[in-house]
Amino acid sequence: MAYLTLRKLNKRYGATVAVEDIDLDVAAGEFVALLGPSGCGKTTTLRMIAGFVPPTSGEIRIGDADVTHLPAHRRNVGLVFQNYALFPHMTVRANIEFGLKAHHVDSAQTRERVRSVLALVGLSSQEDRYPRELSGGQQQRVALARVLALKPDLLLFDEPLSNLDAKLRVQMRQEIRRLQREVGVTALFVTHDQEEAMTMADRIVVLDRGRIAQIGSPAEIYDRPRTRFVANFIGISNFFEGALFPGSPFGLFRCSSGLEIAIPPEIAAAASTAATLAIRPEKIEFVSAETPGSLPGAIRQATQLGSTMEYLIDLAGGDRVIVHEQKRPRVPVRAAGEHVRIAWHPADCVFLQSEKERSDDRV
Ligand code: ADP
């Protein structure tokens with residue numbers, strides 16, 4: 001049973017289509033990330049759910065209620081922004097109490113809620129401090145505590161971590177997930193950071209120019225991207241343009257360069273004739289010349305990426321691929337100019353929907 005439902009949600013600003021036909025069901029207690037590049041419609045979607053922006057058309061339901069035309073203050077929705085918007089002249093306690101007073105929560109309830117949310121975010125000993133006396137991470141936790149004290153039906157996060165330094169950002173990811181799980185509140189989290197979405201979300205909604213490109217678990221989005229846009233936006237992929245070799249019983253893909261790639265028949269059966277094949281760099285292995293189906297090539301460039309080596313490889317037919325290899329004892333680091341053979345498991349290939357197919361399903 002969905003807790004948050006968006007049906008055919010649209011937002012246009014004059015000729016600009018900010019959000020187009022968004023359909024989404026978020027289950028109670030689920031943590032969903034809205035992911036996409038700048039301008040893809042994430043913030044507009046969030047603002048429509050919060051009630052700050054009226055949709056051009058479509059429906060928004062929270063729990064059992066249709067809230068599409070309800071003003072923002074009558075939706076019990078909590079918002080967490082990147083600038084914490086704490087009152088600088090108020091203590092931590094007063095910052096949290098402020099919202100409760102505005103909602104006419106009585107003083108006994110207020111005391112109890114302040115105590116419990118401060119314990120939840122681990123700041124019980126800091127309640128008399130002012131925001132300037134707290135670190136960035138602590139201020140973000142106060143902002144979260146202030147929202148949680150209001151017991152929202154739904155938590156909306158708008159890029160809440162983008163002001164924090166890299167290390168703190170990683171810590172706060174875990175902290176936000178822990179708090180959201182403990183409270184059990186349903187959450188929608190807007191980010192343009194694929195790693196943030198991958199590490200935090202139960203499911204990711206990838207947006208492309210106002211439309212949903214794909215919805216899935218982080219693993220589905222990474223391992224089975226549906227379009228080139230998704231495969232490109234999340235991680236790195238090698239792409240081969242070409243067509244299925246007609247009449248091949250075991251599945252053969254012929255690239256425009258002439259390169260032939262074996263693919264599992266079940267994938268071949270599901271793919272259209274002209275297609276793009278994608279393979280992730282870490283799925284490609286260096287193999288010996290005896291390995292059937294292996295492809296010869298030469299290393300053009302070798303780059304250290306910390307724990308991984310990145311190799312740019314020119315294949316015999318002119319195609320170029322990226323290979324990522326974990327640096328490990330007894331695995332040689334290769335140098336530019338070295339001749340190699342590469343292979344991958346056919347099941348690790350993904351067929352991508354072409355942009356044409358995508359535009360067809362718009363009709
Ligand atoms: P994101 O949050 O993914 O960066 P937005 O939702 O802010 O994207 O914007 C989506 C599109 O809608 C963009 O093309 C943006 O320029 C446009 N847009 C957003 N808000 C307005 C507005 N108030 N007036 C006109 N165009 C807007």
Side-chain angles (χ1 to χ4, degrees), residues 4-26 30-62 67-73 75 77-85 140 143 147 154-164 169 172-173 176 186-216 218 221-222 225-235 355 358-359 362:
L4 168 70
T5 306
L6 309 180
R7 281 288 168 269
K8 288 225 163 290
L9 199 60
N10 281 272
K11 181 66 191 179
R12 280 189 286 279
Y13 293 102
T16 307
V17 180
V19 169
E20 192 179 3
D21 284 344
I22 299 276
D23 277 313
L24 178 65
D25 293 295
V26 180
E30 199 178 14
F31 190 105
V32 169
L34 279 185
L35 174 70
S38 178
C40 72
K42 307 179 292 292
T43 308
T44 305
T45 304
L46 206 74
R47 290 199 177 136
M48 286 193 281
I49 299 167
F52 300 139
V53 169
T56 305
S57 62
E59 188 182 297
I60 303 167
R61 301 184 69 85
I62 299 175
V67 301
T68 317
H69 304 291
L70 216 57
H73 68 272
R75 304 182 189 194
V77 168
L79 259 172
V80 185
F81 300 99
Q82 58 174 268
N83 56 354
Y84 330 117
Q140 181 62 275
V147 171
L154 181 66
L155 258 187
L156 302 178
F157 293 92
D158 193 359
E159 306 251 5
L161 305 180
S162 38
N163 273 353
L164 305 177
R169 214 155 53 211
M172 284 303 292
R173 286 176 191 163
I176 287 177
T186 310
L188 203 60
F189 187 100
V190 159
T191 181
H192 65 273
D193 182 331
Q194 43 131 338
E195 199 180 286
E196 217 163 85
M198 294 290 288
T199 53
M200 292 180 79
D202 296 318
R203 279 190 306 152
I204 298 175
V205 178
V206 185
L207 290 181
D208 175 16
R209 289 162 290 162
R211 299 189 92 222
I212 293 179
Q214 190 168 353
I215 304 180
I221 298 277
Y222 187 82
R226 275 180 48 205
T227 65
R228 191 168 179 142
F229 172 83
V230 175
N232 245 338
F233 191 71
I234 292 147
E355 288 300 310
R358 189 196 135 164
S359 57
R362 290 177 91 118

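The figures here come from the full heavy-atom set of this structure, side chains too, leaving out hydrogens, waters and symmetry mates. Order of listing sets the numbers, starting from 1, for every ligand and every atom in it.
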Looking at ligand 1, is there an atom of it that comes within less than 4.0 Å of some heavy atom belonging to Ser38?
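It does; at least one heavy atom falls under 4.0 Å.
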Does Gly210 have a non-hydrogen atom less than 4.0 Å from ligand 1?
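Per 4.0 Å heavy-atom rule, Gly210 does not contact ligand 1.
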To check you understand the geometry: which heavy-atom pair defines the closest contact between [X] and [Y], and what is its length?
X	Y	answer
Pro160	Val190	CD-O, 4.3 Å
Val77	Ala50	CG1-CA, 4.4 Å
Ile221	Gln214	CD1-CG, 3.8 Å
Ala187	Phe157	CB-CE1, 4.0 Å

Please list the nearest protein heavy atom to [atom] with its residue and the distance rounded to 0.1 Å.
atom	value
atom 7 (O) of ligand 1	Thr43 CB, 3.9 Å
atom 24 (N) of ligand 1	Tyr13 CD2, 3.4 Å
atom 17 (C) of ligand 1	Thr16 CG2, 4.1 Å
atom 12 (O) of ligand 1	Ala18 CB, 3.2 Å
atom 13 (C) of ligand 1	Gly39 O, 3.8 Å
atom 5 (P) of ligand 1	Thr44 OG1, 3.5 Å

Sub-4.5 Å side-chain heavy-atom contact between Arg61 and Arg7
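Side-chain contact under 4.5 Å: no.
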Kindly indicate whether the side chain of Glu59, heavy atoms from C-beta on, has any atom under 4.5 Å from the side chain of Thr5.
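No, their side chains stay 4.5 Å or more apart.
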Give me the one residue out of Val230, Val32, Leu34, Leu35 that meets side chain to side chain contact (heavy atoms under 4.5 Å, CB included) with Ile204.
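Per the side chain to side chain contact (heavy atoms under 4.5 Å, CB included) rule, the option paired with Ile204 is Leu35, out of Val230, Val32, Leu34, Leu35.
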Could you tell me which atoms of ligand 1, counted from 1 in the order shown, lie closer than 4.0 angstrom to a heavy atom of Cys40?
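Under 4.0 Å from Cys40, ligand 1 has these atoms: 1 (P), 3 (O), 8 (O).
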Which ligand 1 atoms, with their elements, are less than 4.0 angstrom from a heavy-atom of Pro37?
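So the atoms of ligand 1 that pass are 3 (O).
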Can you confirm whether something in the protein, heavy atoms only, sits under 4.0 Å from atom 9 (O) of ligand 1?
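Yes; the ligand atom in question has protein heavy-atom contact below 4.0 Å.
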Determine, counting only non-hydrogen atoms of the protein, whether one lies under 4.0 angstrom from atom 22 (C) of ligand 1.
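Neighbour list for atom 22 (C) of ligand 1 includes protein heavy atoms (cut-off 4.0 Å).
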Can you establish whether the number of heavy atoms outside Arg169 located under 6.0 Å from its atom CZ is more than 12?
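It does: Arg169 CZ has more than 12 such atoms within range.
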